[in-house]
Structure formats: C-alpha cells, structure tokens
Protein chains: 2
Amino acid sequence: MAEIQSLARGLKILELLAQAENGVSVTELAEELGVDKSSASRLIQTLATYGFAEQDPTSRRYRLGPQVVRLSRSLLTRMPLRDEAKPFLRQLVERTGECAHLAILAQGQALYVDQVESPASLRVTTGVGTLAPLHCTALGKCLLAFDNGIALPKELPSYTPRTITDPEVLRLHLEQTRRQGYAIDDEEYDFGVRCVAAPVFDYRGKVIGAIGISGPAGRMGLDRLPHYAQVVMDAARELSNRMSFRRS
Amino acid sequence: MAEIQSLARGLKILELLAQAENGVSVTELAEELGVDKSSASRLIQTLATYGFAEQDPTSRRYRLGPQVVRLSRSLLTRMPLRDEAKPFLRQLVERTGECAHLAILAQGQALYVDQVESPASLRVTTGVGTLAPLHCTALGKCLLAFDNGIALPKELPSYTPRTITDPEVLRLHLEQTRRQGYAIDDEEYDFGVRCVAAPVFDYRGKVIGAIGISGPAGRMGLDRLPHYAQVVMDAARELSNRMSFRRS
DNA sequence: CAGTTTGTTGTGTATTGTACAACTGCCTGG
DNA sequence: CCAGGCAGTTGTACAATACACAACAAACTG
C-alpha cells in the first residue's frame, strides 16, 4: 500500500489530458483507467475544482486547467540554474545568431527548461517544457555522456536516417563526446537541424544540465561546428563556474 | 461526496510545493494538511512516482517534479490563441521596443501565457505562468472591462500608491476603458512600470484574451501612451480577425 | 555516543472511494 | 415532434482502501 490509488488515478488523468488533442470525455477516461464512469466523473470533478482541469461548457469534454501553468512557473523560477543560465543563453544567441537552449535530465529524457530565440526569421524553436530523447539530441548526449550515474537508454528509436540506433556506436560516440567536451546532433532528431551543446557542472563536478544552440543545417555548416562548439563550451564553462558558488 | 479526498489532498500538496521556496518536509506537509505524517508521506510518494514531485536526496525535502512542466507545455501548445498571437507579439516588440504579453482569464486572475522579450537591456519581463490581479494590470483590466460575464473582484488590494482601490472609481475607469478600446496600467501594480493592452475577441465577440506591452515609465511617457495604444489596438484587432476564422 | 527529530514501513479499523443503478439532458433519426 | 439512445452526473450500499496509531530506521545534535 505504498501508492494512494485515487491520487494515482488523478495524476494519470492529468497525463491523459495532456496527451489528448481535443480534450477527453468522461467515458474515455473511465475506459482508459478501467474504472466506472461515475468514478472518473468524480475524480475529474475534483481536478476541476482545484483548477487542474476545465470543462468545455458545450462539448462537456475536459482539458487541462490553468493551475498546471502556475505550478510550472513556480518550478522554473525556483531553479537557480535557469536564472544563472539566462544571460549565457542570450550571449550565445548574440554570438551565433541561433536559438539557445538549456536542458536538464528528467525522467530519463532531456527536459528543455529555457530558451532564447534567434532573431533570424528561419529559426529552430523548442518550447520550454519539451521532453526530448537523450541519444539523438546534442543537449541529451551531454547529459548522457557526462553523467556517470545514468545508464544508456534500452531503446534507441530512430527519428531520421542519421539517428544512432546501434548501442555500440552510441557508446563510442559518447566517448568521443566526453573527450572533446561537447556534443553534436547532426540532423539526428529533426531533419535539417543541427545542434551543438556542452555540459554544465556544479561545484562537485556533477552534471546539472546542458546548454547549446540549434539552427538550420544551411547556416550551421559542418565546417563551422568546431567554432560554434568553442563558443558553447566557453559559455558552459563560465556558467559552471557561476554555479559552483551557489552551493545550494 | 463529490470530492475525492485523497486526490484533493495530493493537489493541495502540489500547491504547497509551488509556494515553498526551498521544498517542503513531510512533517510540514502533514501539519499543513492536518493529517498524519504517514499519510503525507504516502501521498507525496505517489506524487513522486508519477514525476510530479521530487525528493532532494540530501535534505529529504520534496519539491515539484518535472512532470508539471510537461503538462504546462501541453496546455500552452494546444492553445490556438497562443499560436496566432505569437507573430503579433513579435510585431509589437519590433514597433515599440517593449516587452509584449498575452494573457487569458483564469480563476479570476490574469494568466500570462506568452511573452516576447524586448531587446532593450532594461526590460519588464513577466514570466509565462504568472498570475496577476485584474484590477491593476492593463491586461487584467481588458479582461475585466470587456468580459460581460465577470464580476468585479471583491477585494482590491493595493500594490502601489496608484493602485485603484475604490470600486466606484474602478467602475468608471473600466467604462472609460471600454469606450476607448484599450486599457492602461500607470504604475498601479509595479513601481516604474507602465502597460498598455487591448482585448482579443473571438468570432462571437467574446473576449478570449488580451495582448499588451510593458515598459519602464521612463521610456513609456504618458504623452506617448496614445500612440502605443493605437499600435496595440491595431494588433489586437487583427489578431481578433484571425481568431474568428478558427471556429474551434 | 546518547537523545532527539524526521521519514518510512506495518497493521487494524472505519472512513471513503467504488461499482451499480437511476436520473437528467442532449442529440439523432424516423 | 417524439422516441430512442447516449453521455454525464447524482444517490446508495458495500467493501476496498486510505487513514491514524505505532514501531522502526536513519540522520542530526549536543
């Protein structure tokens, strides 16, 4: 009895609401959870009274409520790494003209927690809150390569023809990443998008996140990547220094 | 029995986690909820297994988990208004040099759901997910003035000496807002910050949100406000047109 | 190292969440 | 326009489950 059933069901409902495109009906919820309509109805009513869900008056379907946005903000604003990283992200955008991102490890995936947009009209925006796989993104590879505690993902799903799907190839690739101190994503997750990222460490040398830039392959030619890598690494190193002082 | 107790308690815990600066201990949770330590422990364990809470390994205190950021993203990306508004927010920043915001009504407050930052080094950023009072912000006043269904807030707390705290004064002020088609916040919520906002309507003429700009009082002189108001209203009107086509 | 505080794990009991059923409002088709 | 079906909510009885109490483990403090 280590898990509160009805709370767990409520949380599952939140996830279902997040996945659903156009809201979810009570009957669908009941089917998905394997409970009666009445139970599903009461559960989501509770979610609604606390602002975590909302009912569309006409269709009677439920969707996520504004409360989740508030919670998210609380989490993000209370993240020291995010505060410290912001100026470096801006700096990266200034120096490279591409979008800059900050990600941390969350549930075996890379969670994008901040972004500064490029001024270019063609830009690669990855919304804050996005979860991306570790094995085919530059930020993810950084987390994977420099975090000793983490194991390689069992599955290496393919997103583009360039995605590394062989565990052994990935292992070697990560070793190289460790050696050179930065990671590259060469159209392995999104067609036509290249990324460069470097790890951020705390005072104990533990990886706490990664910062990097993403841009269209056209602008981010392979020959220019080493230059970008240097810029990103410099920023990451300086940010790591900053984080070392905030021993929280 | 219209409310599932344990789910409600779990949601209250989430709110407590959001408010707490440095995480919350199990004992604190138990006290706050009026339940036993053991119950609080099991509730938050359930939250943790689903990624809604995280335990700091050293301090054993709990904080919000990454799952809430994911949910938030789902909600925000599924918001048609947000997609449509983005280019107009960028346009506002370009034309005025100040930060632009989009807000909707949520739980009797203005919820900031998007922002485009000003390039100026002195800028007014209001994080996405912020809740602000309706009676002393430009975006809030728009929602208040143009939404027929909504009642005036009972309490009109004061944030600066300029905050309107008299209901009658506010009523007249909102009438003027309706007449002129835009709202102003003249340092009524934040010292030294002025805002201008205009409402966004759907195809039925119902307010679905508001967009506006915020800047330091130094740059946003009172004499320039009418000009800014025109720019904001133009954008809001065009955005309203766009929204009329998406009859969802 | 003893004492104290804090978090987690058993366990019996009663509260509470659940399924079943009845009810209401809505939509659809004849 | 009405009959039939469907989706969502409310009532109710029962049993599952979440709860308080207690014991235990672990960490902090003096």
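Naming convention: chains lettered A, B, ... in sequence-line order (proteins, then strands); numbering from 1 in each chain.
A donor and an acceptor atom sit less than 3.5 Å apart, one in the side chain of Arg42(B) and one in the base of dG10(C). Between the side chain of Ser38(B) and the base of dC19(D) there is no donor-acceptor pair of N/O atoms closer than 3.5 Å. No donor-acceptor contact under 3.5 Å links the side chain of Ser25(A) to the base of dA7(D). Side-chain N/O atoms of Ser6(B) and base N/O atoms of dC19(D) include no donor-acceptor pair closer than 3.5 Å.
Rounded to an integer number of Å, the gap from Asp56(A) CG to dA7(D) P is 17 Å. Between the CD atom of Gln5(B) and the P atom of dA14(C) there is a distance of 16 Å, given to the nearest Å. Here dT5(C) presents its P atom at 17 Å from CZ of Arg61(B), a figure rounded to the nearest Å. Glu3(B) places its CD atom 15 Å from the P atom of dT9(D), with the value rounded to the nearest Å. Across the protein-nucleic acid pair, Arg60(B) atom CZ and dA26(D) atom P stand 9 Å apart, rounded to whole Å. Between the CZ atom of Arg9(A) and the C1' atom of dT16(C) there is a distance of 13 Å, given to the nearest Å. Atom NZ in Lys37(A) sits about 14 Å away from atom P in dC23(C), given to the nearest Å. In this structure, Asp36(A) places its CG atom 16 Å from P of dA16(D), rounding to the nearest Å.
Side-chain contact, Gln45(A) with Gln55(A): no donor N or O sits under 3.5 Å from an acceptor N or O.
For the OP1/OP2 pair of dT8(C) and a distance below 4.0 Å, the side-chain nitrogens and oxygens of Tyr62(B) include at least one atom meeting the criterion.
Heavy-atom minimum distance, Ala132(A) versus Thr137(A): CB-CG2, 4.0 Å.
In the set dC21(D), dT6(C), dC19(D), dC19(D) carries the atom at the smallest distance from any side-chain atom of Ser39(B).
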Practice problem: Report the C-alpha separation of Leu134(A) and Ile150(A) in whole Å, then their side-chain angles, then the decisive distance to 0.1 Å, and conclude whether the side-chain contact (heavy atoms from CB on, under 4.5 Å) test is met. | Solution: CA-CA 11 Å; Leu134(A) 295 177; Ile150(A) 193 173; 3.6 Å; yes
Practice problem: Mind running side-chain contact (heavy atoms from CB on, under 4.5 Å) on Leu139(B) and Tyr112(B) for me, showing each step along the way? | Solution: CA-CA 9 Å; Leu139(B) 291 161; Tyr112(B) 288 71; 3.2 Å; yes
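Ring orientation note: the planes of Tyr159(A) and His135(A) are tilted relative to one another, at an angle of 30° to 60°.
Between Gln45(A) and Leu43(B), it is Gln45(A) whose nearest contact on DNA chain D lies nearer the 5' terminus.
Residue Gln55(B) is in sugar-phosphate contact alone, with no base atom involved, counting any heavy-atom pair closer than 4.0 Å across all strands shown.
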